[in-house]
There are 2 protein chains.
Amino acid sequence: MKLALQINMNPSLYLRDPEGTDLGKNIIKHSIQLIHDTGFEAFTFKKLAESIGTTEAGVYRYFENKHKLLVYIISWYWRWLDFQIGYQTKNLTNPVSKLKKVITILATTVEDDLMTGHVDESILHQILISEGSKAFLTKQVNQDNKQEYFKPYKDLCNTVGEIILECNPKYKYPHSLASTIIEMAHLQNFFMNHLPLLTDFSKSKDEKEIIKYLEDLVFNTIRI
Amino acid sequence: MKLALQINMNPSLYLRDPEGTDLGKNIIKHSIQLIHDTGFEAFTFKKLAESIGTTEAGVYRYFENKHKLLVYIISWYWRWLDFQIGYQTKNLTNPVSKLKKVITILATTVEDDLMTGHVDESILHQILISEGSKAFLTKQVNQDNKQEYFKPYKDLCNTVGEIILECNPKYKYPHSLASTIIEMAHLQNFFMNHLPLLTDFSKSKDEKEIIKYLEDLVFNTIRI
DNA sequence: TTTAAATAATAGTATTACTATCTTAAATAA
DNA sequence: TTATTTAAGATAGTAATACTATTATTTAAA
């Protein structure tokens with residue numbers, strides 16, 4: 001018996017549902033690995049096809065282009081994070097503990113979740129750090145947004161915003177603070193590892209420091 | 001008589017100094033316009049050459065590739081911001097006023113500075129919002145960093161960090177908070193205009209709201 | 001005035017980002 | 001069981017990108 005967590009995705013992101021076939025699952029699995037290894041700029045469908053053992057045309061039958069594949073992968077992770085937050089905070093009654101949990105989830109490199117066979121969440125977390133913002137920092141962002149490509153991000157932001165409001169119902173900027181926490185959980189990690197002088201964690205290079213920084217930022221801001 | 005502000009750039013960013021010739025200045029001027037119009041992904045040296053009225057080979061004599069040109073442009077703006085902050089805060093004695101000034105400078109779309117003939121700062125500000133993080137979110141970030149490409153960003157971050165410490169010498173994360181302010185001044189602007197549900201400024205779409213959010217964030221965090 | 005340097009003009013290459021077509025293999029329906 | 005749809009594999013082709021190289025022409029400095 002195998003438990004499976006099914007995350008449902010926006011169908012206009014793909015031509016054929018990658019969850020439905022072995023080749024599809026391989027496309028997801030190998031693209032996560034390859035984007036992580038080479039970076040999104042150098043990532044091509046040809047290299048992906050080679051690493052799977054299929055042809056370029058085979059990949060194109062599933063995804064129109066590499067941008068949509070990136071958005072697929074990134075928004076999959078946003079949904080997964082949203083699910084994790086719901087799951088890991090559902091028994092907590094104290095909103096401050098909830099928010100601390102949220103920060104920890106966002107800022108910690110996760111272990112591979114066995115409930116999602118072909119997706120390695122620990123690599124996905126790295127991709128979100130390095131490539132995440134490339135999903136929306138494009139000229140087509142408004143069109144993509146109309147197609148609801150970023151709904152998972154908005155949902156995640158909303159979940160976090162709700163918890164912020166539980167801590168302090170009068171706080172005026174719950175969504176902005178939520179997106180700040182999410183983005184900074186990733187960006188401070190990138191800076192810590194690659195441009196350490198932009199952070200105060202250059203010595204330890206420890207994720208726990210990022211968590212402490214974010215907790216200090218958030219709880220002072222909402223005055224807890 | 002013409003006042004000119006000369007910003008000195010890292011020579012390993014270019015093959016020939018673009019500040020030294022008309023063609024060079026045209027490359028900077030038109031690339032700022034073209035990157036803004038088409039986005040960095042669609043920006044090519046061929047299109048740039050056409051818009052200038054020169055040839056592709058002409059551009060390649062100045063810059064090895066479009067990534068270096070982007071880093072050149074972005075780091076020019078970091079330096080300019082750093083200069084602006086120094087200039088506009090030098091007569092302020094109160095550190096809190098200084099920090100407010102900094103936030104305003106970072107979050108406000110500037111007007112074209114006439115001291116820098118061929119550079120339009122208001123467009124550059126837009127480029128920083130949409131393309132800025134692409135300068136460092138690459139696989140080559142460590143190499144680029146060794147070449148000191150991001151020194152202007154670090155200097156800027158340090159300037160802001162110093163002012164934070166003037167406000168509260170005991171605050172523990174001046175660099176991280178500085179990079180958070182800089183990044184969020186840009187990203188909240190992008191979200192406000194393209195993904196408004198990730199912010200709390202969806203109705204007004206007013207930069208002043210971002211400033212208020214950042215001031216609230218910063219001064220509560222450092223407990224002023 | 002000579003000479004060196006910068007630019008313009010042109011051509012060429014490997015790779016990328018696709019599209020199209022045709023064949024084969026596997027699953028399903030009649 | 002056969003017929004038929006459907007997915008996958010194999011191959012080819014194209015326009016654009018990201019360069020490099022070569023030669024000719026103009027401009028500027030010695």
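Residue numbers begin at 1 in each chain, while the letters A, B, ... track the order of the sequences.
Stem analysis of DNA chain C (at least three stacked-register Watson-Crick or G-U pairs, each with both distances under 3.5 Å) gives C:1-30 with D:1-30.
Scanning for ring-ring contact (aromatic ring centres under 6.0 Å, His included) contacts around A:F63 gives A:Y72, with sequence neighbours left out. Judged as a ring-ring contact (aromatic ring centres under 6.0 Å, His included), and not counting sequence neighbours, B:Y149 has no contacts.
If you take CD on A:E209 and OG on A:S202, they are separated by 10.0 Å, rounding to the nearest 0.5 Å.
Atoms NZ (A:K66) and C1' (C:dC18) sit 13 Å apart, rounded to a whole Å. With rounding to whole Å, B:N65 atom CG is found 17 Å from C:dT15 atom P. Whole-Å rounding puts the A:R61 CZ to C:dT24 P distance at 16 Å. Per the geometry, CG belonging to B:N26 stands 17 Å off P belonging to C:dA6, to the nearest Å. A:Y60 places its OH atom 17 Å from the P atom of D:dT14, with the value rounded to the nearest Å. Rounded to an integer number of Å, the gap from A:I27 CD1 to D:dA7 P is 13 Å.
The number of heavy atoms from other shown groups lying within 6.0 Å of NZ (B:K203) does not exceed 12. The number of heavy-atom neighbours closer than 6.0 Å to NZ of A:K212, taken from other residues, nucleotides and ligands shown, is 12 or below.
A salt bridge links A:K134 with A:E131; the closest basic N to acidic carboxylate O contact falls under 4.0 Å. Note on B:D155 versus B:R79: salt bridge recorded, some NZ/NE/NH1/NH2 to OD/OE distance being below 4.0 Å. Salt bridge absent: A:K68 and A:D144 never bring a charged side-chain N and a carboxylate O closer than 4.0 Å.
Within the structure, a side-chain polar atom (N or O) of A:T54 is placed less than 4.0 Å from OP1 or OP2 of D:dG9. In terms of phosphate contacts, B:Y62 brings a side-chain nitrogen or oxygen within less than 4.0 Å of OP1 or OP2 of C:dT7.
With 3.5 Å as the limit, one finds no donor-acceptor pair spanning the side chains of B:S51 and B:Q33.
Within residues 13-23 of chain A, no residue has a heavy atom under 4.0 Å from DNA chain C. Scanning residues 31-50 of chain B for heavy-atom distances under 4.0 Å to DNA chain C yields an empty list.
Aromatic ring centroids of B:F83 and B:W80 lie 6.0 Å or more apart.
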Do any side-chain atoms of residues 178-196 of chain B form donor-acceptor pairs under 3.5 angstrom with protein atoms, and if so which ones, sequence neighbours left out?
residue: B:S179; atom: OG; partner: A:Q188; partner atom: NE2; Å: 3.0
residue: B:S179; atom: OG; partner: A:L198; partner atom: O; Å: 2.9
residue: B:S179; atom: OG; partner: B:H175; partner atom: O; Å: 3.3
residue: B:S179; atom: OG; partner: B:S176; partner atom: O; Å: 3.1
residue: B:T180; atom: OG1; partner: A:Q188; partner atom: NE2; Å: 3.3
residue: B:T180; atom: OG1; partner: A:Y213; partner atom: OH; Å: 2.6
residue: B:T180; atom: OG1; partner: B:S176; partner atom: O; Å: 2.7
residue: B:E183; atom: OE2; partner: B:Y153; partner atom: OH; Å: 2.4
residue: B:H186; atom: ND1; partner: B:I182; partner atom: O; Å: 3.2
residue: B:Q188; atom: OE1; partner: A:S176; partner atom: OG; Å: 2.9
residue: B:Q188; atom: NE2; partner: A:S176; partner atom: O; Å: 3.4
residue: B:Q188; atom: NE2; partner: A:S179; partner atom: OG; Å: 3.0
residue: B:Q188; atom: NE2; partner: A:T180; partner atom: OG1; Å: 3.4
residue: B:N189; atom: OD1; partner: B:N193; partner atom: ND2; Å: 3.0
residue: B:N193; atom: ND2; partner: B:N189; partner atom: O; Å: 3.1
residue: B:H194; atom: ND1; partner: A:N142; partner atom: OD1; Å: 2.9

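Taking only distance into account, the side chain of A:E56 meets the base of C:dC18 through a donor-acceptor pair shorter than 3.5 Å.
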